[in-house]
There are 2 protein chains.
Amino acid sequence: MSAAPAFALVDWGTTSFRAWATAADGTVLGERRAPDGLVTAGPKGFGRVLEEHLAALGVPAGVPAVLCGMVGSRTGWVEASYLDAPVGLDDLAARATAITHESRPVFVLPGIAQRTEAEPDVMRGEETQLLGVVAEGFRTGLVCMPGTHSKWVRLQEGVVEGFSTFMTGELFQMLRANSILAQAVQTEAAPSANDPAFEAGVRHALDEPALVTNRLFQVRAGWLLQGASPQSGLARLSGTLIGLEVAGAIARHDAANAPVALMGSGPIVALYERALTLAGLASPRRLDADACVRHGLLAAARLLFASKDSGR
Amino acid sequence: MSAAPAFALVDWGTTSFRAWATAADGTVLGERRAPDGLVTAGPKGFGRVLEEHLAALGVPAGVPAVLCGMVGSRTGWVEASYLDAPVGLDDLAARATAITHESRPVFVLPGIAQRTEAEPDVMRGEETQLLGVVAEGFRTGLVCMPGTHSKWVRLQEGVVEGFSTFMTGELFQMLRANSILAQAVQTEAAPSANDPAFEAGVRHALDEPALVTNRLFQVRAGWLLQGASPQSGLARLSGTLIGLEVAGAIARHDAANAPVALMGSGPIVALYERALTLAGLASPRRLDADACVRHGLLAAARLLFASKDSGR
């Protein structure tokens with residue numbers, strides 16, 4: 001490393017651990033990924049796991065660490081209480097939870113809760129990505145964040161006004177692995193955005209969302225009766241669930257009339273881009289999920305430690 | 001037994017075995033239920049399992065047996081090819097598959113396939129219940145058959161014109177047991193049709209089906225943020241999925257403008273009745289699922305063996 005590490009930035013989820021060492025200007029000095037999520041890190045001890053990874057990254061004691069994700073949940077290292085939406089993303093740093101830890105200052109960023117009677121919702125981890133989205137200059141519009149529990153977030157000048165979670169990714173995995181559809185979608189390959197079955201799934205869900213659990217069963221029936229391939233079955237399953245999510249986002253957030261940013265990594269981005277196009281939405285701004293969480297953690301670290309740095 | 005058994009009637013599914021011994025006039029002389037579905041009966045031998053149960057029922061060799069259900073699938077005793085819809089239910093007996101079995105004549109009733117390009121679908125077992133529905137005098141209208149894979153069937157003068165499967169029951173079980181919702185719905189009690197959360201779930205799904213995977217996540221968020229009880233969470237989950245199915249049946253089969261029969265057994269009937277009422281449908285005719293399958297098997301047995309009986 002040429003520059004000295006100024007911050008350790010950690011995205012710590014249920015099943016994964018990612019850390020970056022950065023210079024004060026944000027330059028990435030090192031990165032580390034491990035399957036040390038809450039499930040395995042809890043029993044080992046969060047402090048110990050953190051120090052092992054930071055030692056491997058060459059981050060000396062005393063360098064502050066900023067954490068986000070499920071590590072701040074009730075089953076994590078410390079519970080970082082939710083902020084209530086609507087909330088400005090700058091508040092994430094101001095209301096971070098300090099952890100008593102001998103090696104260095106450690107802060108955990110809070111999640112965000114939407115406590116309206118009609119639409120309760122929560123996020124933990126995505127709020128930090130959103131801070132990165134704002135840091136990238138997307139301050140007003142809708143942010144689509146695909147995942148196990150996809151989020152659609154309404155931003156207004158850097159304020160999270162409201163959001164909705166859709167169980168798209170979890171349903172996809174459950175139906176793929178453990179349902180009557182399993183045989184009909186049994187393939188290692190990822191679904192393709194160019195597969196006509198993906199497009200058909202999206203269109204059906206957009207046109208007639210009420211029929212979606214029937215469309216899902218047709219994945220099996222098409223395989224039984226029409227010899228549909230598992231590859232096309234998987235694409236149809238994926239298209240049906242993503243199409244339903246996009247239909248829901250249009251209904252709830254007027255997605256057709258707002259600038260949309262699509263934040264993701266890997267093959268899922270192409271699937272969502274195709275679904276958004278099929279729904280008649282304008283091309284979304286693409287944002288990389290990994291970069292956003294890192295930028296969000298960095299922005300929070302700067303807010304948290306700026307005054308201390310300037311006082312040195 | 002006072003009368004001599006004339007028929008052995010068997011509903012043989014993936015995980016369950018049910019048999020009735022009946023007199024020629026349909027009087028039930030004995031009933032037997034066992035967990036000897038395909039999964040366990042396959043390895044033991046279908047013929048042996050059948051004879052054990054019929055011996056216990058006091059059905060002598062030579063008395064014919066009529067079977068329906070997954071026993072006629074590719075993984076069952078013998079594959080009984082699907083009939084193609086539209087199809088008259090009298091054809092079930094005429095096109096039954098005979099099994100070579102030394103102790104008695106054995107016939108397996110076929111399932112029904114809907115081979116249209118746009119809406120492939122299959123049933124196996126329900127067709128026999130439908131024969132019972134027709135035998136009870138419901139010959140024209142929509143039959144709602146709740147279950148793991150619920151069916152909605154359009155009947156016209158005893159002809160199955162078309163049908164749709166909805167994955168309602170399977171999704172309910174998967175989400176209840178193995179999803180992020182599990183904690184929020186963890187209760188042994190069955191969901192109640194009178195729970196306001198059930199009604200809210202149904203109404204939301206009817207009003208905005210596109211938002212259903214968001215409504216599902218709200219079951220967890222309501223538990224986290226609003227202290228919603230697992231009992232009300234389970235009712236909301238159930239209402240959401242049943243409401244979506246009813247919305248789909250209205251969209252596909254114009255359920256609001258047809259006589260509807262609701263065929264089921266146990267607590268699920270009250271849930272569907274409530275959902276149908278909330279959707280503005282007229283009170284359905286209620287039919288008992290167990291009685292329907294028995295009556296269907298009996299009707300098929302009479303058609304199959306009437307000529308032989310009269311020739312004795």
Side-chain angles (χ1 to χ4, degrees), chain A residues 73-74 82 84 113-123 148-152 164-168 170-171 173-175 178-181 200 204-226 228 241 243-252, chain B residues 74 82 84 113-123 148-152 164-168 170-171 173-175 177-181 200 204-226 228 241 243-252:
Chain A
S73 71
R74 205 169 298 173
Y82 292 114
D84 292 350
Q114 178 168 279
R115 295 184 188 271
T116 60
E117 179 67 25
E119 291 171 27
D121 217 321
V122 289
M123 65 170 69
T148 303
H149 303 131
S150 297
K151 312 280 181 192
W152 284 76
S164 309
T165 303
F166 297 83
M167 292 184 65
T168 310
E170 182 167 6
L171 285 167
Q173 294 300 344
M174 285 171 56
L175 289 165
N178 296 314
S179 80
I180 186 83
L181 307 186
H204 284 149
L206 290 169
D207 292 348
E208 295 184 302
L211 283 165
V212 75
T213 71
N214 170 242
R215 295 297 183 189
L216 292 175
F217 189 79
Q218 287 179 354
V219 171
R220 175 171 168 83
W223 172 77
L224 275 173
L225 300 181
Q226 299 167 343
L241 293 172
L244 186 66
E245 176 184 324
V246 172
I250 291 172
R252 170 72 56 72
Chain B
R74 204 169 300 173
Y82 293 113
D84 293 352
Q114 178 169 280
R115 295 183 188 271
T116 60
E117 179 68 23
E119 292 172 26
D121 217 321
V122 289
M123 65 169 70
T148 303
H149 303 131
S150 297
K151 312 280 180 193
W152 283 75
S164 309
T165 303
F166 297 83
M167 292 184 66
T168 310
E170 182 167 8
L171 284 166
Q173 293 300 344
M174 285 170 58
L175 289 164
N178 296 313
S179 81
I180 186 83
L181 307 186
H204 284 151
L206 289 170
D207 291 349
E208 295 184 303
L211 283 165
V212 75
T213 71
N214 170 242
R215 295 298 183 189
L216 292 175
F217 189 79
Q218 287 179 354
V219 172
R220 175 172 168 83
W223 172 77
L224 275 173
L225 300 181
Q226 299 166 343
L241 293 172
L244 186 66
E245 176 185 324
V246 172
I250 291 172
R252 171 71 57 72

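Every chain is numbered from 1 and lettered A, B, ... according to where its sequence line falls, protein lines coming before strand lines.
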Interchain contact, Glu117(B) with chain A, by part (heavy-atom threshold 4.5 Å): both
Atom group of Gln226(B) that falls short of 4.5 Å from chain A, counting heavy atoms: side chain
Minimum heavy-atom distance Ser179(B)-Met174(A), with the two atoms named: CB-SD, 3.9 Å
Nearest atoms (heavy-atom pairs only) where Pro209(A) meets Leu244(B): O-CD1, 4.0 Å
Greatest number of heavy atom pairs closer than 4.5 Å to chain A - which of Arg74(B), Gln114(B), Arg115(B): Arg115(B)
Nearest heavy atoms of Ala221(B) and Pro120(A), plus distance in Å: CB-O, 3.3 Å
Part of Glu119(A) within contact of chain B (heavy atom distance under 4.5 Å): both
Chain B contact via Leu216(A) - which portion, at a heavy-atom distance below 4.5 Å: both
Worked verdict on Thr213(A) versus Val212(B) for side-chain contact (heavy atoms from CB on, under 4.5 Å): CA-CA 11 Å; Thr213(A) 71; Val212(B) 75; over 6 Å; no
Minimum-distance pair of heavy atoms, taken over all atoms of Leu225(B) and Ala113(A): CD2-CB, 3.9 Å
Step-by-step side-chain contact (heavy atoms from CB on, under 4.5 Å) determination, Asn178(A) to Asn178(B): CA-CA 10 Å; Asn178(A) 296 314; Asn178(B) 296 313; over 6 Å; no
Pairwise side-chain contact, Met167(A) with Leu175(B), heavy-atom cut-off 4.5 Å (strictly under): yes
Heavy-atom proximity to chain B below 4.5 Å, by part of Leu181(A): side chain
Ile180(B) versus chain A, the contacting section by heavy-atom distance below 4.5 Å: both
Non-hydrogen atoms of Asn214(A) and Ser164(B) that approach each other most closely: ND2-CB, 3.7 Å
Residues forming a salt bridge (charged side-chain N to carboxylate O under 4.0 Å, His left out) with Arg215(A), sequence neighbours excluded: Glu208(A)
Ser73(A) versus chain B, the contacting section by heavy-atom distance below 4.5 Å: neither
Top contributor to chain A contacts, counting heavy-atom pairs under 4.5 Å, from Val122(B), Val246(B), Ile250(B), Thr165(B): Thr165(B)
Side chain, backbone, both or neither of Glu170(A) within contact of chain B (heavy atoms, under 4.5 Å): side chain
